[in-house]
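Starting from 1, each residue takes its place in the sequence as its number.
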Amino acid sequence: MKMVVIMYLEGDEDCVQRLLKQTGVEVFSRLPMEGIGPGSSGWYGKASPYRSQAILAVVEAATARDLLRAVEECEGVEDPNHPIRAVQMPVE
């Protein structure tokens, strides 16, 4: 079994849902996140956070492989500087 974590901007929600459906992932958890990174200064002199989401899914190894490949091949994201990212970890 693998745990796959997908991180993405809120605007890419539809794309991520398509990837999950395409790879047969039906059970997962979604968490709101605040992405912090370099960017232009906001009103208060610091970089504005990105409104992001994270998906956590525990799946078979073959499904994890397919999902990571689908994320890698995904095009047309909201902001090309912030692509959809995914990692996998073994779980017992």
Side-chain angles (χ1 to χ4, degrees):
M1 299 293 286
K2 303 282 185 177
M3 176 181 284
V4 177
V5 179
I6 304 172
M7 298 172 290
Y8 58 97
L9 295 179
E10 281 184 349
D12 293 323
E13 177 71 27
D14 289 344
C15 182
V16 170
Q17 290 302 317
R18 279 193 308 276
L19 296 175
L20 293 170
K21 186 174 183 175
Q22 169 189 332
T23 55
V25 178
E26 297 177 348
V27 178
F28 57 88
S29 297
R30 181 179 27 238
L31 307 164
M33 293 177 27
E34 188 175 88
I36 306 297
S40 59
S41 295
W43 285 99
Y44 302 105
K46 59 181 181 178
S48 300
Y50 298 99
R51 292 186 350 208
S52 305
Q53 298 281 334
I55 296 274
L56 298 115
V58 177
V59 297
E60 296 293 332
T63 302
R65 181 193 65 237
D66 293 345
L67 184 53
L68 267 64
R69 183 177 300 129
V71 167
E72 216 174 272
E73 295 171 355
C74 185
E75 295 179 355
V77 295
E78 178 181 276
D79 180 350
N81 293 321
H82 298 92
I84 298 169
R85 300 180 189 275
V87 296
Q88 68 176 340
M89 298 168 272
V91 294
E92 295 182 26

Least distance between heavy atoms, [X] atom then [Y] atom:
X	Y	result
Met33	Ala54	SD-CB, 3.0 Å
Asp12	His82	OD2-O, 4.4 Å
Met89	Val5	CE-CG2, 3.5 Å
Lys2	Pro90	CD-CA, 4.2 Å

From Gln53 atom CD to Arg30 atom CZ, the distance as rounded to the nearest 0.5 Å = 6.5 Å
Would you give the length of the straight line joining atom CD of Glu10 to atom OG of Ser52, rounded to the nearest 0.5 angstrom?
-> 7.5 Å
Cluster check Val87, Val91: I/L/V/M/F/W/Y, side chain < 4.5 angstrom |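 Shared cluster, yes.
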Salt bridge (Lys or Arg N to Asp or Glu O under 4.0 Å) partners for Arg18, two or more places apart = none
Is Leu19 isolated, or which residues cluster with it under the ILVMFWY side-chain rule of less than 4.5 Å, directly or via members?
->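 Noted: Leu19 shares its cluster with Val4, Ile6, Tyr8, Val16, Leu20, Val25, Phe28, Ile55, Val59, Leu67, Leu68, Val71, Val77, Ile84.
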Pairs involving residues 67-86, ordered by first then second residue, that meet salt bridge (charged side-chain N to carboxylate O under 4.0 Å, His left out) (sequence neighbours left out) =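 Salt bridge (charged side-chain N to carboxylate O under 4.0 Å, His left out) check on residues 67-86 returns Asp66-Arg69.
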With a 4.5 Å limit on heavy-atom distance, are the side chains of Met1 and Glu60 in contact?
->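 When only atoms from C-beta onward are counted, Glu60 and Met1 do touch, with a gap below 4.5 Å.
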